[in-house]
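Below is one structure, written out as structure tokens; comments come after it.
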Amino acid sequence: MKRGGVWDVITCLAAVLVFLQCSFSAAGLVTCSGIVPMAYRSDKISITDFGAVGDGKTLNTKAFREAIYRIEHLKRRGGTLLYIPPGVYLTESFNLTSRMTLYLAKGAVIQATQDTTNWPLIAPLPSYGRGRERPGGRYMSFIHGDGLHDVIITGENGTIDGQGDVWWNMWRQRTLQFTRPNLVEFKDSRSIIISNVIFKNSPFWNIHPVYCSNVVIRYVTILAPPDSPNTDGIDPDSSSHVCIEDSYISTGDDLVAVKSGWDEYGIAYGRPSNDITIRRLTGSSPFAGIAVGSETSGGVTNVFAEHITLYNTGIGIHLKTNIGRGGIIRNITVSNVFMDKVRKGIKIAGDVGDHPDENYNPNALPVMKHVRIKNVWGENVQQPGLIQGLKNSPFTDICLSNINLFGSSGARNVPWKCADVSGGAVQVSPSPCSELVSSRQTDY
Ligand SMILES: *[C@@H]1O[C@H](CO)[C@@H](O)[C@H](O)[C@H]1NC(C)=O
Ligand SMILES: *[C@@H]1O[C@H](CO)[C@@H](O)[C@H](O)[C@H]1NC(C)=O
């Protein structure tokens, strides 16, 4: 046996032991609380003070922009809470400002207009070099924050409704001029809390923190039809200290996908995603439950996902990158996952996703190392796993432990498939490919 293989198994076993010890002290107690203080706002205003009408017909853009202008310029100590009472408030996109709480009462809906003709365009993200789906700029997110701090979006589970079907249809008919808007985007921002809100029918990705730090997203529900294109749930992108927990997400694309920029643009911008926690998440997706990638050119370090429950999902856990991406993906830990009715349990692959243009460097190979996936139970899993490294940049130190992925009853056991990967496997069933040295094959 190769020396590397032995060491992988030893570190793999050590990881299992450490994990068992840790799970005693940490069980059930950990939350995102405290990462961002929950500010109390004594100054409160209502959107109706600015003439908004919640009849689902009146366009309230002016009210939203004036209310936020008032918060921005009449700076009250401790910030201001903007109250959205029950009702359906139709509006065009708008910007948030620092030191504010957007509070949606029970039965409050902030609804995006379906008239896309005047939708504002903004510059592409430097780490993408262009819009993600079309060259050039991109449509501003429906609710947007740029360069902000201390922003809270919360309430009594009111709804932010993107009415995305006009956008999905433009995508289907190939009539989109620019990249579709996210539902909520924070860019270059810090100290953000999003909690107790329902997000519905986003035109594109739902919640997109990019170049952000200290972001808490909890008690959210994110819904979009399974056939809605690219409606990712939450995409932490070139961001650090993002904590996502206690949420339900069912959309048409990845539920959570950690990203950090696209090929030569992402490499040049060089902003990683670090310290991303995801816990107690339930949902379903035709694509991935928990994903890293595929745009990871700034690197992704320290992703910790646990207590994930997935139903009717394409790929349970998907770590994905490509040549031309560069970027190091390392220290990824996913544990305590239950999945039922999934096409693939675990996929780690170096051939996923498209390129921004022809100028990507095919020699910019990504690195994938130190991945821990443990305590996974899957039922009705069509294919347990696929690990496909790159010939000139094999994935290393990939450690799987205590993984049981069952097919549908009566279905034959489909084997794992691997290439260009090294690591270890302890108590994995069906038994993984020989590239991952199994403890059962060792004799120490
Ligand atoms: C909203 O923010 C974007 C991006 O920062 C900016 O281009 C735009 O002018 C702002 N719109 C308003 C109405 O303030
Ligand atoms: C809002 O939804 C969350 C998460 O689904 C739930 O825990 C909470 O009790 C709800 N709150 C209200 C006020 O309905």
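Remember, it's 1-based here, ligands and their atoms both numbered in the order they're listed. Numbering of residues begins at 1 and proceeds along the displayed sequence. Quick caveat: nothing in here was measured; it's all calculated off a predicted structure.
The N/O atoms of H144, backbone and side chain alike, include none that comes under 3.5 Å of an N/O atom in ligand 1. At under 3.5 Å, a nitrogen or oxygen of D146, whether backbone or side chain, sits near a nitrogen or oxygen of ligand 1.
Partners of V367 according to the side-chain contact (heavy atoms from CB on, under 4.5 Å) rule, which considers only residues two or more places apart in sequence or in another chain, are I328, K369, S393. Here D246 pairs with R280 under the salt bridge (Lys or Arg N to Asp or Glu O under 4.0 Å) rule; sequence neighbours left out.
For the 3.5 Å distance criterion, the side chains of N302 and N274 fail to qualify, holding no donor opposite an acceptor. A donor atom on one side chain and an acceptor atom on the other are found under 3.5 Å apart for H370 and D397.
Without hydrogens or angle criteria, D161 side chain to Q163 main chain gives a donor-acceptor distance under 3.5 Å.
Residue pairs meeting the disulfide bond (SG atoms under 2.5 Å apart) criterion with at least one partner in residues 175-281, sequence neighbours excluded, are C32-C243.
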Requested in this report: Run the numbers on K75 and D43 for salt bridge (charged side-chain N to carboxylate O under 4.0 Å, His left out), then give the verdict.
Outcome: CA-CA 10 Å; K75 291 192 176 74; D43 183 40; over 6 Å; no
List, for ligand 2, each N/O atom that has a protein N/O partner under 3.5 Å away, with both atom names and the distance.
unit_1, atom_1, unit_2, atom_2, d
ligand 2, 2 (O), N157, OD1, 3.2
ligand 2, 2 (O), N157, ND2, 2.4
ligand 2, 11 (N), N157, ND2, 2.9
ligand 2, 14 (O), N157, ND2, 3.1

